[in-house]
Structure formats: structure tokens, C-alpha cells
Amino acid sequence: MTQMGLATTVEAGRLSLAEKAYQLLVRKITRLEITPGAVLAEKLLMADLGIGRTPIREALQRLAIEGLVSHQPNRGMFVAAISATSVQHIYEFRALIDGFTARLAALRASEGEIRELAELQLLLVTATDEDDIDSYVELDRHWYELLAQAAQNIYLSEVVPRIFNLHLRLWFFISRKIGGWHPIARAHEEMTKGVVDALRRRQPEQAEQAMTTYISGRHREIKELL
């Protein structure tokens, strides 16, 4: 192998470890296994995840950009707190971004994308019925990413997946507070069905309304729990 080829292989391996560290930390943080406000010490994470310092550092930097991790000068990295102010900012942003994404998707989605969104919506219902939260989370992530794709706006395609993990952590926060995830899953499924129905009819206002009504409901619910 040439020196350049070896360097490329090493870099690919390092990037895959960084992605692995990111995925593991996302799961632990969004599911509140690492609690809001907890310190993220690199040495402890290295031991816990079995991954080296550099990939973990890259993963933490990525999580900081997403807003799940905060850096406090001279103190280190911490899991971002869940506060009334942060929750308000997240839901205000989601109402604008996710609502507008649904509106554009109603105007621009292909028939194939609408069919796939409808299929994912039914799979979400099945995952709830089967109490399969891991499948539910991945189906939900795919649904939002596909909706952003259907909006045919490159910036929405970048932003919507990025804010998904912020939404997901609050979703787990609510479910833990109320003693289960099924009630909020059912509300979410009602929203996804409403959006898909509006997309089929090419009704942008109704698609946006279905999304923003759901987001407002989650916002009200979490404010009562904080």
C-alpha cells in the first residue's frame, strides 16, 4: 500500500470511530442515560465507550454544534441543561422550521415521497403497538429526514436532521416524566397522519398547521413538567 493509501485508510478508520462515538453519545444523551448538566470527562468516556480520545473529542465538538453539549471555559464539556428558556427556544425554532418544511413538502413532494411518508407513518403505529421504541426512533428520524427531502430545499435538508436529536431528548424527557412513551407516540402519529393527508391533497396550510399544532402541544406539555 502506498503512503497516501495508508493515510487514507487511517483517516477513514478515525472518521468511523468518530461517527461511532457520536452515535453512542447521541443515544446516551437523548435517552437521558447521561443526565442533563452531567460533566463529559474524556477519560471516563474513553473507558466507557472503548474509543480513543481524538474520536470522542470530535464527537463532542459535533454535539456542541447541535446544542446537546455545552462548553464552559476552564470547566470542560457538559450535557446541555433542559431549562424553560432552552425548551422555549427549541420549540419556537421547530415550529418555524418543521412547519415550513411541511408546507413546502405539500407543494413539492413527489408522489413516491408521499407514498413513502405514508408507509413510514403506518410503521410508526406498528412500532408503538409492538412496544418497539428503538424501531420507533429510527422510523421517526427517517420520516423527518424524508419530509425535509420532499421540501426540496437544501438548507432545510441540513437543518431538520440536525435539530432532530434536540427534539428526541425532550421526547424522552416527557415520556419519562409521564411514565411511558406511548401517549406522546400516539399524538405524534396523529400529526404524521395529518401531514401526510395534507401532502396527498396538496394543502400546504393544513400540512403546516398539523405540524405546528403538534409542536405547540409538546411545548405546553413540557412546560408543565419542568
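Predicted, not measured: the structure shown is a model, and the values here were computed from it.
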Would you find more than 12 non-hydrogen atoms of other residues, nucleotides or ligands less than 6.0 Å from Arg201 atom CZ? yes
Within a 6.0 Å radius of atom CG on Leu226, are there more than 12 heavy atoms belonging to other residues, nucleotides or ligands? yes
Inter-residue atom distance Thr192.OG1 - Glu190.CD, 0.5 Å rounding: 9.0 Å
How about [X] and [Y]: does a side-chain donor come under 3.5 Å of a side-chain acceptor?
{"X": "Gln149", "Y": "Glu145", "value": "no"}
{"X": "His167", "Y": "Asp98", "value": "no"}
{"X": "Gln23", "Y": "Glu19", "value": "yes"}

Is a salt bridge present between Asp129 and Arg186, judged by a nitrogen-to-oxygen distance below 4.0 Å? yes
Before accepting this row, confirm whether a basic side-chain N of the pair Arg169/Glu66 lies closer than 4.0 Å to the acidic partner's carboxylate O. no
If we ignore hydrogens and angles and just use 3.5 Å, is the side chain of Glu113 paired with the main-chain N or O of Ser110 as donor and acceptor? yes
Beyond-backbone contact of Asn153 with Phe100, side-chain heavy atoms, under 4.5 angstrom: no
Are Ile222 and Tyr91 side-chain neighbours, meaning at least one heavy-atom pair lies under 4.5 Å? yes
If you look at every heavy atom in Leu199 and Ala207, which pair is closest and at what distance? CD1-CB, 3.9 Å
Under the salt bridge (Lys or Arg N to Asp or Glu O under 4.0 Å) rule, what do Lys43 and Asp48 come out as? Steps first, then yes or no, please. CA-CA 9 Å; Lys43 287 185 178 180; Asp48 182 31; over 6 Å; no
When the ring planes of His188 and Trp143 are compared, do they come out parallel, tilted or perpendicular, using 30° and 60° as the limits? perpendicular
Exactly one candidate in Thr35, Leu49, Leu45 meets side-chain contact (heavy atoms from CB on, under 4.5 Å) with Lys28; the answer is Leu49
Which of these, Tyr136, Phe172, Phe173, sits in a ring pair (Phe, Tyr, Trp, His ring centres under 6.0 Å) with Trp181? Tyr136
Using distance only, find each side-chain donor-acceptor pair of residues 79-87 under 3.5 Å and give its atom names and separation, not counting sequence neighbours.
from  : atom 1 : to    : atom 2 : distance (Å)
Ser83 : OG     : Ser86 : N      : 3.1
Ser83 : OG     : Ser86 : OG     : 3.2
Ser86 : OG     : Ser83 : N      : 2.9
Ser86 : OG     : Ser83 : O      : 3.0

